[in-house]
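Below is one structure; the comments refer to it alone.
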2 protein chains.
Amino acid sequence: MARVRLYSSLPLEAAHHVLSEALSRRAMVVALCRCRVQYEGRGSSRLGEGERLLIVKPDGVVLVHRPRGHQPVNWQPESRSIEVRLGGGSLLLRSVRERPREVLEVYIDSVEALVVAEDVRDEAEFIEYLDEHEVRDILARHPEELEEGLRVLRVEKPVGQGYVDIFCVDREGRPVIVEVKRVTAGREAVLQLKRYVDAVKSENPGVEVRGILAAPSIAKEALILLRSLGLEYRRIDPAKLYKRYRSELRRRGGGSSARSLLSFLGGG
Amino acid sequence: MARVRLYSSLPLEAAHHVLSEALSRRAMVVALCRCRVQYEGRGSSRLGEGERLLIVKPDGVVLVHRPRGHQPVNWQPESRSIEVRLGGGSLLLRSVRERPREVLEVYIDSVEALVVAEDVRDEAEFIEYLDEHEVRDILARHPEELEEGLRVLRVEKPVGQGYVDIFCVDREGRPVIVEVKRVTAGREAVLQLKRYVDAVKSENPGVEVRGILAAPSIAKEALILLRSLGLEYRRIDPAKLYKRYRSELRRRGGGSSARSLLSFLGGG
DNA sequence: GGATTGATCTCGTAC
DNA sequence: GTACGAGGTCAATCC
């Protein structure tokens, strides 16, 4: 269990002391504080005074969250060093990262709440279902879901500078490129497929090459583009495919996890 | 100033009470807790027991952060409803979102620390410098940075289904499409430019149309592709452009903010 | 609403 | 390290 200390309305001098020690021990720090923020690196930004949530993780990640919005207003994905320093009436937390060099500076003007947690334990596995990888593997095993007579030759086949999701031949022996999307396909997906089809064509001059975009839906304009390029669209239902073939899937998490998802999907 | 309450090692019954009231008052909640997480929506995920930081913002954003990594392991960008309920030996926080329908469930097994903050005030403006928008505007005012004799006709010109960053004519009267990137350009940027050039060509049959990709650098393979497509690359330095022309920029934040950035860039 | 694009995108992975 | 593509991408903007 994590060892936790809480402080409220901490004077800056005391906060400096607590933060210094917490950071040296690689503790997790959460502070609700008035602060200003400067960032300099790939971009630049300034944020005036206000109350925010400042988070420092044991691995050097720094996050500054405003009271609204999903994303942090400022952050540091990793830090080479995190330092705290008193000066000019505020407590400066300075995080520096190299490659690319980026400096995040949080000028803390007051600390309303401070939580320091050492030894935060979290070893559990995170399991994601139904990502594109998984949908692609199901379709590679069951190409009949796309078209009868389709034979799979390669999965993740390198073509040109990219990778074809599934490389097949149809019942008439024509090469078929399948591009899989687990969300609505847009124009980029169509152009991606087109690129692969063109690459295979150029490697096999004179051969007719088909391209199939497999997605749960497709944007209207993307469909028009797809048809004008002589490509094809097949609607798929990732959740249904999952329910139908889950037993064949080899997951990192094992079969019991797969069953727990199935119960959510309402299947038998 | 925000009104803050802190709790440590809170029994689940007490945590239930505190959380219920906090959520009804739209307070900001930060909890360090043992929990399990389930997510069901556009995708699906499961996370076993471990210690995490649970954040609920006044606007209904929910974040679950593990002790490592920049990104939340689970989240809800907005919630239609957030409910807490005791049952089965744990405290369930359930966030539901519509369009798309997504359900995030955090099963809290113990609460090590809990921070509730009401009226977290943060009205400050967030100012970003040197985003693509800004670099594009500078180049639109100073096309000579790309090529002598270039004349700008349109900025953000709709072409086909997309938008051309800068639409010019060169000294010989040929249309020039400029695509601006503030980071290393990859193959996608080249293809994006190609699309616009083709669209303009198709609208002006028989007219030679040039395409210039302006970026601080370009991936090796992207450069090969660009040349094979008959397009051009111009290196730009966003920071230098900024220093050279910042005085002309009309910013939301006004001139003083611009000056504060300049001091960082080391300019006069 | 849908569609398009940028992002300090982040993150994984293959070469 | 570079390059490439996925993402529960998010968020802004234009239509």
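In what follows, chains are A, B, ... by sequence order, proteins preceding strands, each numbered from 1. Below, all heavy atoms of this structure are taken into account, side chains as well, without hydrogens, waters or symmetry copies. Remember, predicted model here, so these are calculated numbers, not experimental data.
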Notebook entry, point to check: With rounding to whole Å, what would you report as the distance between dT8(C) and dG5(D) at their P atoms?
Noted result: 22 Å
Notebook entry, point to check: Under 4.0 Å: is that the gap between some side-chain N or O of K181(A) and OP1 or OP2 of dA6(D)?
Noted result: yes
Check: Which comes earlier along DNA chain C counting from the 5' end, the contact point of G41(A) or that of G69(B), where each point is its nearest nucleotide?
Finding: G41(A)
Notebook entry, point to check: Within the structure shown, what part of the strands sits under 4.0 Å from E156(B) by heavy-atom distance: base, sugar-phosphate, or nothing?
Noted result: nothing
Checklist line | Over all atoms of both residues, closest heavy-atom pair of E102(B) and R97(B) | finding: OE1-NH1, 2.6 Å
Note to self: Please confirm whether the shortest side-chain N or O distance from R42(A) to OP1 or OP2 of dA7(C) is below 4.0 Å.
What the structure shows: no
Next item on the list: Report yes or no: is there a donor-acceptor pair, N or O only, under 3.5 Å between the side chain of D131(B) and the base of dT8(C)?
Entry: no
Notebook entry, point to check: Do the side chain of E132(A) and the base of dG5(D) come within less than 3.5 angstrom through a donor-acceptor pair of N or O atoms?
Noted result: no
Next item on the list: Identify, between G186(B) and Q76(B), the residue whose nearest nucleotide on DNA chain D lies closer to the 5' end.
Entry: G186(B)
Notebook entry, point to check: Considering heavy-atom distances to DNA chain C, does P77(A) or K220(A) have its closest nucleotide positioned more toward the 5' end?
Noted result: K220(A)
Notebook entry, point to check: More than 12 non-hydrogen atoms from neighbouring residues, nucleotides or ligands closer than 6.0 Å to CZ on R154(A), yes or no?
Noted result: yes
Check: Starting at CD of E98(B) and ending at P of dG1(C), how long is that distance when rounded to a whole Å?
Finding: 11 Å
Check: Roughly how many Å is it from CG in L130(A) to P in dG7(D), rounded to a whole number?
Finding: 11 Å
Notebook entry, point to check: What's the CZ-P distance between R97(A) and dT8(C), to the nearest Å?
Noted result: 13 Å
Next item on the list: Give the rounded distance in Å between these two atoms: CG of D165(A) and P of dC4(D).
Entry: 16 Å
Next item on the list: Look at the side chain of E179(B) and decide which nucleotide, out of dT8(C), dG8(D), dG6(C), has an atom nearest to it.
Entry: dG6(C)
Next item on the list: Indicate the atoms forming the closest heavy-atom contact of P67(B) with P58(A), along with that distance.
Entry: O-CD, 3.0 Å
Next item on the list: Report yes or no: is the ring centroid of Y163(A) under 5.5 Å from the six-membered base ring centroid of dC4(D), with the two planes under 30 degrees?
Entry: no
Check: CD of E134(B) versus C1' of dA7(C): gap in Å, rounded?
Finding: 15 Å
Notebook entry, point to check: Quick one: L191(B) CG to dT5(C) P, roughly how many Å, whole number?
Noted result: 12 Å
Margin query: Less than 4.0 angstrom between a side-chain N/O of W75(B) and OP1 or OP2 of dC10(D), yes or no?
Written below: yes
Checklist line | Over 12 non-hydrogen atoms of neighbours within 6.0 angstrom of CZ in R244(A) | finding: yes
Checklist line | Distance test, side-chain N/O of Y196(B) to OP1/OP2 of dT4(C), below 4.0 Å | finding: no
Margin query: Could you check whether atom CZ of R36(B) has more than 12 heavy atoms from other residues, nucleotides or ligands sitting under 6.0 Å from it?
Written below: yes
Checklist line | Between dC4(D) and dG8(D) - P atom distance, rounded Å | finding: 22 Å
Item checked: Distance in angstrom units between E221(B) CD and dC4(D) C1', rounded -> 11 Å
Next item on the list: Locate the shortest heavy-atom distance separating A124(A) from R52(B); write the atom from each residue and the value.
Entry: CB-NH2, 3.5 Å
Note to self: Is it true that Y129(B) and E134(B) share a donor-acceptor pair across their side chains at a distance under 3.5 Å?
What the structure shows: no
Item checked: Selected nucleotide, minimal atom distance to H70(A) side chain, candidates dT5(C), dA11(D), dC9(C) -> dA11(D)
Notebook entry, point to check: Over how many whole Å does the gap from L104(B) atom CG to dT9(D) atom C1' extend?
Noted result: 16 Å
Item checked: Nucleotide nearest E128(B) when distance is taken to its side chain, options dC11(C), dT8(C), dT9(D) -> dT8(C)
Margin query: Please confirm whether the shortest side-chain N or O distance from R182(A) to OP1 or OP2 of dA6(D) is below 4.0 Å.
Written below: no
Notebook entry, point to check: What's the closest nucleotide to the Q71(B) side chain, out of dG8(D), dC11(C), dC4(D)?
Noted result: dC11(C)
Checklist line | Closest to the A219(A) side chain, choosing from dT8(C), dA3(C), dT9(D) | finding: dA3(C)
